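Each chain gets a letter, A, B and so on, in the order the sequences are listed, and its residues count up from 1. Please read all numbers here as calculations on a predicted model, not as lab measurements.
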Protein chains: 2
Amino acid sequence: MKLTSKGRYAVMALADLANFNSVHPVSLRDISLRQGISLDFLEQIFSKLKKNNIVKSIRGTNGGYILNKDPVQIKLANILNAVDEEVKTVQCKKESKKGCNSKTSKCITHNLWDELEIHINYFFEKKNLKDLINNTSESRN
Amino acid sequence: MKLTSKGRYAVMALADLANFNSVHPVSLRDISLRQGISLDFLEQIFSKLKKNNIVKSIRGTNGGYILNKDPVQIKLANILNAVDEEVKTVQCKKESKKGCNSKTSKCITHNLWDELEIHINYFFEKKNLKDLINNTSESRN
DNA sequence: TACAAACCTGACTAAATTAGTCAAGTATAG
DNA sequence: CTATACTTGACTAATTTAGTCAGGTTTGTA
């Protein structure tokens, strides 16, 4: 299973972006400073987010990024997919790698990992960016 | 988040063990052959399972391992803990690593990852070994 | 028009982790 | 007494991660 900094940063950055979305586009530099994420790394991440139509970029002075949809329409699943964070619990799925063809009794636990994958993805399907920004602005103290 | 082969193998091996538990102890060699897992790797894994009282070992000729409890009492959470697979979604938890102190607006997504962690752990708390062996013996075809 | 802010792209890499291997045991049933 | 099986710990090749680095291109504003 993969869920690494890239995915986490993507979500953090977009939550940040959602908070400041109203007025100007938000520059990566600002996000970098506020969230403590390397600018270069952010660029990699946003390149993918843009390709997946989650954000739009505005070039030139005072440019930056804006969300391409309403925060409520941006599911976490979308974000994580965009940055190639696959929540894969089994490898034996893609092409029958050794140790997992259903003919033999091998890969006894195949169903289990499938269920887990569904369980986790359900979580990411349910949550959207809006949920996040509500959550944080409240839980500050 | 971590969920790697070690955890997967541990679960597979124990499911296999549960299937053959009734009569003799089961040797790691057998499990290795049936599940296609390296014997040496299995030894590492079972050493930990034993330390955590999930299995008992029986030495000597025809020795091997047996479950230490009824399969229904062995939760997946127990197994994964035993082999050090922590399902941790945030690092910023242990000691306030940079980027996550609740004073600033950083780590906006902290709550989210906490929720995810709970969500996943719930799954592992619910499932036990018995569930697994029922599942597989049925879904064979 | 100049120029700086900002986006954009791809190659590269140090560090960590994974998934084992290898070697050298110890214990015990038969 | 010896083959079988467990036990322990050190070691390592390959992969992945989390970025860095270098060199662009684009465009708003003065």
Side-chain angles (χ1 to χ4, degrees), chain A residues 1-13 17 20 24-33 35-52 54-66 68 80 83-86 88-92 97-99, chain B residues 1-13 17 20 24-33 35-52 54-66 68 80 83-86 88-92 97-99:
Chain A
M1 178 180 332
K2 269 175 36 183
L3 183 54
T4 63
S5 289
K6 200 193 301 194
R8 243 180 289 127
Y9 284 170
V11 175
M12 282 172 74
L17 185 52
F20 293 83
H24 321 287
V26 180
S27 73
L28 292 189
R29 205 172 109 79
D30 287 351
I31 296 178
S32 165
L33 291 173
Q35 303 299 329
I37 306 170
S38 135
L39 178 58
D40 285 310
F41 203 21
L42 275 178
E43 279 174 353
Q44 277 183 43
I45 291 168
F46 272 77
S47 161
K48 295 186 175 189
L49 292 175
K50 194 187 166 186
K51 263 183 206 131
N52 284 269
I54 292 171
V55 296
K56 256 188 302 207
S57 71
I58 292 168
R59 291 178 155 241
T61 312
N62 294 323
Y65 285 95
I66 54 175
N68 205 16
L80 296 176
V83 296
D84 302 325
E85 292 274 35
E86 315 170 331
K88 274 266 164 66
T89 49
V90 247
Q91 304 119 311
C92 48
K97 285 205 126 184
K98 66 161 185 176
Chain B
M1 179 180 330
K2 271 175 35 183
L3 183 55
T4 63
S5 290
K6 201 193 300 194
R8 244 179 289 127
Y9 285 170
V11 176
M12 283 172 71
L17 185 53
F20 293 83
H24 321 287
V26 180
S27 73
L28 291 191
R29 206 174 109 80
D30 287 352
I31 296 178
S32 166
L33 291 173
Q35 303 298 332
I37 304 170
S38 135
L39 179 58
D40 286 311
F41 203 21
L42 276 178
E43 281 174 351
Q44 276 183 45
I45 291 168
F46 271 77
S47 161
K48 293 185 177 191
L49 292 175
K50 193 186 167 189
K51 262 182 207 133
N52 283 268
I54 291 171
V55 296
K56 257 188 303 207
S57 71
I58 292 167
R59 290 176 155 242
T61 313
N62 294 325
Y65 285 94
I66 54 175
N68 206 16
L80 296 176
V83 296
D84 303 325
E85 293 274 32
E86 315 169 333
K88 274 265 163 69
T89 50
V90 248
Q91 304 119 311
C92 48
K97 284 205 131 187
K98 64 160 186 174

>> Could you measure the distance from the CD atom of B:Q44 to the CG atom of B:L49? Nearest 0.5 Å is fine.
In response: 11.5 Å
>> So does B:Y65 get a backbone contact from the side chain of B:S57, meaning a donor-acceptor N/O pair under 3.5 Å?
In response: no
> In whole angstrom, what separates B:I58's CD1 from D:dC6's P?
Replying inline: 10 Å
> For the side chain of B:E43 and the base of D:dC6, is some donor closer than 3.5 Å to an acceptor across the two?
Replying inline: no
>> Check this one for me: any side-chain N or O of A:S57 less than 4.0 Å away from OP1 or OP2 of C:dA6?
In response: no
> With respect to the phosphate group of D:dA5, does any side-chain polar atom (N or O) of B:Y65 fall under 4.0 Å of OP1 or OP2?
Replying inline: no
> Can you check whether A:S27 has a side-chain N or O nearer than 4.0 Å to OP1 or OP2 of C:dA5?
Replying inline: no
> If you find the nucleotide of DNA chain C closest to A:R29 and the one closest to B:S38, which residue's nucleotide is nearer the 5' end?
Replying inline: A:R29
>> For C:dT26, does the base pair up with any side-chain atom of B:R59 as donor and acceptor (N or O, under 3.5 Å, distance only)?
In response: yes
> For B:N62, which contact category applies under a 4.0 Å heavy-atom criterion: base, sugar-phosphate, or nothing?
Replying inline: sugar-phosphate
> B:T61 has a side chain; which of C:dC22, D:dG19, D:dT4 sits nearest to it?
Replying inline: D:dT4
> Looking at the side chain of B:T4, which of C:dA19, D:dA18, C:dT9 is the nearest nucleotide?
Replying inline: C:dA19
>> On the nucleotide C:dA19, are OP1 or OP2 found under 4.0 Å from the side-chain N or O atoms that B:S5 carries?
In response: yes
> Hey, is the side chain of B:K50 poking within less than 4.0 Å of OP1 or OP2 on D:dT7, counting only N and O atoms?
Replying inline: yes
> Which is true for B:F46 with a 4.0 Å heavy-atom rule: it touches a base, it touches only sugar-phosphate, or it touches nothing?
Replying inline: nothing
